[in-house]
Amino acid sequence: MTNKLNISFSDATPQGDFASICLIGENAKIIPHLEKAVAAELIAAMGTAQFTGKKGESLTLYSTTSTFLLVGIGEGLEAGRDAEDIGGAVFKALEATAQKRGYMPEHRLANEVIADLFLGMRLAAYHFEDYFTETDSVSESVSLTLTANLVNDQHPLIVDRNALVNGVSLARDLVFEPANKLYPVVFADRCELLTALGLEIEILDEAEMEKLGMGALLGVGQGSRRESRMVVMNWKGGGSEAPVAFVGKGVTFDTGGISLKPPKGMEDMKWDMGGSAAVTGAMCAIAGRKVKRNVVGVIGLVENMPDGNAQRPGDVVTAMSGKTIEVINTDAEGRLVLADALHYTERRFRPQAMINLATLTGAILVSLGKEYAGMFSNSNDLSAQLAAAGEATGEKLWRMPMGDAYHKMLKSHIADMKNIGGPYGGSITAACFLERFVDDTPWAHLDIAGKAWSDKATATVPKGGTGFGVRLLNSLIDQWGDVSLAKKI
Ligand code: BES
Ligand code: ZN
Ligand code: ZN
């Protein structure tokens with residue numbers, strides 16, 4: 001991760017060459033308190049440039065003595081997504097200036113709004129540049145001074161947003177890392193570092209998983225020279241209540257195994273651990289924010305490779321739950337990993353609810369494109385809470401159906417089930433497969449195959465690893481309400 005944005009809080013106007021950041025409302029209403037003459041000059045320049053103060057619009061003006069960076073905020077600025085996106089726009093405009101130094105004077109904004117502007121700036125400033133050796137590929141440092149009369153580094157809102165940024169950045173880093181650098185053991189080591197935040201971390205190796213009978217997960221990893229791992233991250237912030245559990249698919253590379261994928265685009269499968277990255281990032285954010293709830297994160301880490309020892313199509317494996325699975329397609333491996341991770345989590349922690357995240361199917365891209373992640377659940381309450389968290393954070397979810405008709409497609413002639421259904425409804429049959437490894441816990445499966453990686457940058461999300469899911473899970477825990485196993489759709 002590269003964080004080249006230094007934000008400081010100060011009451012004194014900085015010295016030297018810097019850009020003054022002015023948030024401008026629709027119809028060119030200037031929010032900061034500028035001297036009349038300066039304001040008149042800016043208004044004239046805005047007219048010439050046809051800058052109207054529309055949300056997200058930006059304009060940089062250079063005069064002989066100073067630089068003004070105008071960013072449109074439309075009708076006004078509210079805390080949440082709105083302020084974050086403007087924060088992202090401010091960072092991008094500042095990064096494009098020559099001096100790369102900015103100062104944002106008093107704007108009479110509410111503290112919450114300033115905190116979310118700050119969040120958006122920091123999320124936008126994330127770059128993954130660890131493997132560039134040539135300096136012209138590396139972004140330059142940017143510094144920004146915010147007035148300190150309302151909030152500063154120590155303010156709880158800023159401390160909170162910094163913890164959230166750390167979680168999102170961690171998830172993005174994990175997703176960006178190539179599979180020769182980040183494989184199960186390395187991923188587990190990175191999780192271990194989170195003990196510094198007060199998380200309890202346990203790492204299960206292959207022998208321990210073998211003892212627990214995790215034949216489904218281990219079958220996927222058996223073709224790889226890299227050993228499989230399971231990591232349990234436990235945050236005990238909430239007394240004696242049952243935890244909420246997050247479970248992640250962590251396939252550090254998915255070749256498809258013996259059911260080998262075609263070469264075109266296979267490099268994308270380095271981010272087949274996006275579900276585990278989201279869970280790890282969320283645990284980092286929750287622990288960093290010292291959230292007063294019990295939350296547990298469990299991730300199944302494997303590499304899916306073809307090899308003399310790899311599992312074959314037609315093999316039958318026994319999951320930890322005791323159920324047998326006929327592996328028709330070794331490329332449908334994520335569900336095998338999650339089968340054991342979900343069962344283990346439910347048995348060990350008896351959670352109030354379980355939410356798993358996985359880059360599970362290409363078919364979810366066919367259904368929902370890149371806008372929404374797919375949500376499958378046995379609980380209306382949990383779905384509603386997740387959907388609300390999705391709207392609040394912009395990490396949007398769309399609930400999909402399940403049911404017996406789809407379950408039937410998983411029937412096998414020689415085992416309890418096959419690992420794939422028919423040619424259609426692939427995301428749904430995958431979700432039904434997972435449901436068979438959940439007993440009586442409110443559960444949701446989020447298929448994030450269309451969301452973990454992005455082909456283009458937005459205001460606060462880079463091209464590449466998005467960290468999708470961290471904001472969502474963090475917000476879900478903040479807004480948590482009891483869930484029951486109400487009827488399924
Ligand atoms: N990791 C893939 C799903 C995926 C595809 C994620 C595209 C991100 C982008 C998963 O393991 C997989 O290969 N699924 C198969 C399932 C099929 C064999 C039933 C798929 O989607 O084709
Ligand atoms: Zn696969
Ligand atoms: Zn996969």
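- Residue E303 is tested with T255, V251, T252 for a side-chain contact (heavy atoms from CB on, under 4.5 Å); the sole match is T252.
- With respect to E84 and R122, no salt bridge is recorded, no charged nitrogen being found less than 4.0 Å from a carboxylate O.
- Using cut-offs of 30° and 60° on the angle between ring planes, the pair F91 and H127 is tilted.
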Q: Just do the side chain to side chain donor-acceptor pair (under 3.5 Å) check on S143 and N6 with the steps written out, would you?
A: CA-CA 5 Å; S143 66; N6 293 307; over 6 Å; no
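- Salt-bridge check for K249 with D272: passed, with a basic side-chain N closer than 4.0 Å to an acidic carboxylate O.
- Here ring pair (Phe, Tyr, Trp, His ring centres under 6.0 Å) pairs that include residues 50-84, with residues two or more places apart or in two chains, number zero.
- A donor-acceptor pair under 3.5 Å links the side-chain atoms of E57 to the main chain of K54, judged by distance alone.
- Checked against a 6.0 Å centroid threshold, the rings of F176 and W453 count as neighbours.
- Exactly one of R289, R471, R293 qualifies for a salt bridge (Lys or Arg N to Asp or Glu O under 4.0 Å) with D478. That residue is R289.
- The pair K55-D82 meets the salt-bridge criterion, since a charged nitrogen lies less than 4.0 angstrom from a carboxylate oxygen.
- A salt bridge between E192 and R190 is absent, with no side-chain N of the basic residue lying under 4.0 Å from a carboxylate O of the acidic one.
- Of the charged side-chain nitrogens involved, none lies within less than 4.0 Å of a carboxylate oxygen, so that R81 and D116 do not count as a salt-bridged pair.
- A donor-acceptor pair is defined here as one N or O able to donate and one able to accept, closer than 3.5 Å; such a pair exists between the side chain of S276 and the backbone of G248.
- The pair K261-D331 meets the salt-bridge criterion, since a charged nitrogen lies less than 4.0 angstrom from a carboxylate oxygen.
- Atom CD of Q99 is surrounded by more than 12 heavy atoms from other residues, nucleotides or ligands within 6.0 Å.
- A salt bridge between E177 and K270 is absent, with no side-chain N of the basic residue lying under 4.0 Å from a carboxylate O of the acidic one.
- Environment of CD in E267: crowded, with over 12 heavy atoms of neighbouring residues, nucleotides or ligands closer than 6.0 Å.
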